[in-house]
Amino acid sequence: MRSSNPVFSRRGFSRDNNGYAGFDAPPQAGAAANPYAGTNPYAQGGNPYAQGGNPYAQDAAQGTQTPPYAPQTRRMTMDDVVLRTGMTLGTVIAGAAVGWIFLTKSLGFAVGAGLIAMVLAFVQSFKRKPSPALILTYAAFEGLFLGALSGAINDVPKLAGAPMQAVMGTMAVFVAMLVAYKTRIVRVTARFTRYLMIALLGFVLLSLVNVLFMAFGGGDGLGFRSGGLGILFGVVGVVLGALCLALDFKQVEDGIAYGAPREESWLAAFGLTVTLAWIYMELLRLISILRD
């Protein structure tokens, strides 16, 4: 699975045809056996994320000396992922605060910020390497959009408090999926990933068709934004977002296990941020329908 966009698909950490030094190298002498070998559906034939063999890893395996010009990179750790995810989510929260305070009455600017965030997310998804500046810029614009939209919804008397409920719900979904993943209640396999990608693609296409019907036909389009069908559609959206979290966790776990370069922790932070924003939006829409 080669895309890091959590809405559509996932990609592994290494996207360089020559791999990263130490990333697809065999375990060091005396190290414990790879716990994912035999159980990880992606681990057939070695590191699932590396395309092609690492020439330095091959030299090491043959007992030759590693060339002095071999690139040296620090490996990604859980602390790196937590730190960069915190920075990215913190940027989203700061942007949301600005949007809530200044853009609640100017939803046109909020929609513009949302479109910019979407474009930046697509750009990062197709870049060969993660760009911290691009990811943080995406987070800022995403925050502006979410904050302005949340503020506008909160100003509706019968929907007051809905954004806070959506935030709490997003946190609950995150914790529940983390527990389910760590206890292996949810197992990420090749079949799981394939079916989830198909479901996500269908969901996004239906959403786009609904938007087109709303834009040109007026009303509620196909009815995915209100009533019983809207509630069902919202529940499906939350479930899909929750399952995407499992893919994010798998990405982080495999990246650490296979020694991904430290810079790839930005890619993990980007994936988690986009997925959490997806879940928040679906919960906010679902809560708004239920309270309307």
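What you see below is based on every heavy atom in this structure, not just the backbone, and it leaves out hydrogens, waters and symmetry mates.
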When you compare the side chain of [Y] with that of [X], does any pair of heavy atoms fall below 4.5 Å?
{"X": "V119", "Y": "L115", "answer": "no"}
{"X": "L247", "Y": "M197", "answer": "yes"}
{"X": "D248", "Y": "V252", "answer": "no"}
{"X": "D80", "Y": "R74", "answer": "no"}
{"X": "R75", "Y": "P261", "answer": "no"}
{"X": "L146", "Y": "W100", "answer": "no"}
{"X": "W266", "Y": "L136", "answer": "yes"}

Determine whether [X] and [Y] fall in the same hydrophobic cluster, where Ile, Leu, Val, Met, Phe, Trp and Tyr are linked whenever their side-chain heavy atoms lie under 4.5 Å apart.
{"X": "F233", "Y": "I153", "answer": "no"}
{"X": "V167", "Y": "I287", "answer": "no"}
{"X": "V238", "Y": "M164", "answer": "no"}
{"X": "M168", "Y": "L276", "answer": "no"}
{"X": "L286", "Y": "L229", "answer": "yes"}

Atom [atom1] in [X], atom [atom2] in [Y]: separation rounded to 0.5 Å?
{"X": "M76", "Y": "E263", "atom1": "CE", "atom2": "CD", "value": "11.0 Å"}
{"X": "I231", "Y": "R285", "atom1": "CD1", "atom2": "CZ", "value": "11.0 Å"}
{"X": "I135", "Y": "L120", "atom1": "CD1", "atom2": "CG", "value": "11.0 Å"}
{"X": "Q251", "Y": "I256", "atom1": "CD", "atom2": "CD1", "value": "11.0 Å"}
{"X": "T170", "Y": "E282", "atom1": "OG1", "atom2": "CD", "value": "10.5 Å"}
{"X": "I198", "Y": "Y195", "atom1": "CD1", "atom2": "OH", "value": "7.0 Å"}

Using a 3.5 Å distance criterion without hydrogens, assess whether the side chain of [X] forms a donor-acceptor pair with backbone atoms of [Y].
{"X": "S265", "Y": "R262", "answer": "yes"}
{"X": "R291", "Y": "A160", "answer": "yes"}
{"X": "E264", "Y": "G255", "answer": "no"}
{"X": "D155", "Y": "A152", "answer": "no"}
{"X": "W278", "Y": "T273", "answer": "no"}

**Message:** Walk me through whether L144 and L103 qualify under side chain to side chain contact (heavy atoms under 4.5 Å, CB included).
**Reply:** CA-CA 8 Å; L144 287 173; L103 298 181; 4.2 Å; yes
**Message:** Between E253 and R184, is the salt bridge (charged side-chain N to carboxylate O under 4.0 Å, His left out) condition met? List the steps.
**Reply:** CA-CA 13 Å; E253 185 178 60; R184 294 302 186 254; 3.2 Å; yes
**Asked** Yes or no on side chain to side chain contact (heavy atoms under 4.5 Å, CB included) for Q165 and L283, after CA distance, side-chain angles and deciding distance?
**Response** CA-CA 8 Å; Q165 291 178 334; L283 280 173; over 6 Å; no
**Prompt:** Going through the checks in order, is the side chain to side chain contact (heavy atoms under 4.5 Å, CB included) test met by L245 and L272?
**Reply:** CA-CA 7 Å; L245 280 176; L272 286 167; 4.1 Å; yes
**Request:** Kindly assign one of parallel, tilted or perpendicular to the pair F174 and F249, based on the angle between their ring planes and the thresholds 30° and 60°.
**Result:**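 If you compare the ring of F174 with that of F249, the planes turn out perpendicular.
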**Request:** For F141, look at atom CZ and say whether over 12 heavy atoms of other residues, nucleotides or ligands are found less than 6.0 Å away.
**Result:**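 12 or below, so no.
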**Message:** Applying side chain to side chain contact (heavy atoms under 4.5 Å, CB included) to L208 and V204, what does each step give before you reach the verdict?
**Reply:** CA-CA 6 Å; L208 291 177; V204 171; 4.2 Å; yes
For [X] against [Y], the heavy-atom pair lying closest together:
{"X": "A242", "Y": "V173", "value": "CB-CG1, 3.7 Å"}
{"X": "V188", "Y": "K250", "value": "CG1-CG, 4.0 Å"}
{"X": "G241", "Y": "T275", "value": "O-CG2, 3.3 Å"}
{"X": "G161", "Y": "N154", "value": "N-OD1, 2.8 Å"}
{"X": "T104", "Y": "G151", "value": "CG2-C, 3.5 Å"}
{"X": "P163", "Y": "L159", "value": "CD-O, 4.2 Å"}

**Prompt:** Judged by modelled atom types alone, do N210 and S207 share a side-chain donor-acceptor pair under 3.5 Å?
**Reply:**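 Checked: N210/S207 side chains show no N/O donor-acceptor pair below 3.5 Å.
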**Message:** Between Y138 and T88, do the side chains contain a donor N or O and an acceptor N or O under 3.5 Å apart?
**Reply:**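 Their side chains do not contain a donor-acceptor pair, so the 3.5 Å distance test is not met.
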**Message:** Looking at F192, I'd like to know if the NZ or CZ of R194 sits under 6.0 Å from its six-membered ring centre while staying within 45 degrees of the ring's axis.
**Reply:**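 Not satisfied by the 6.0 Å and 45° rule.
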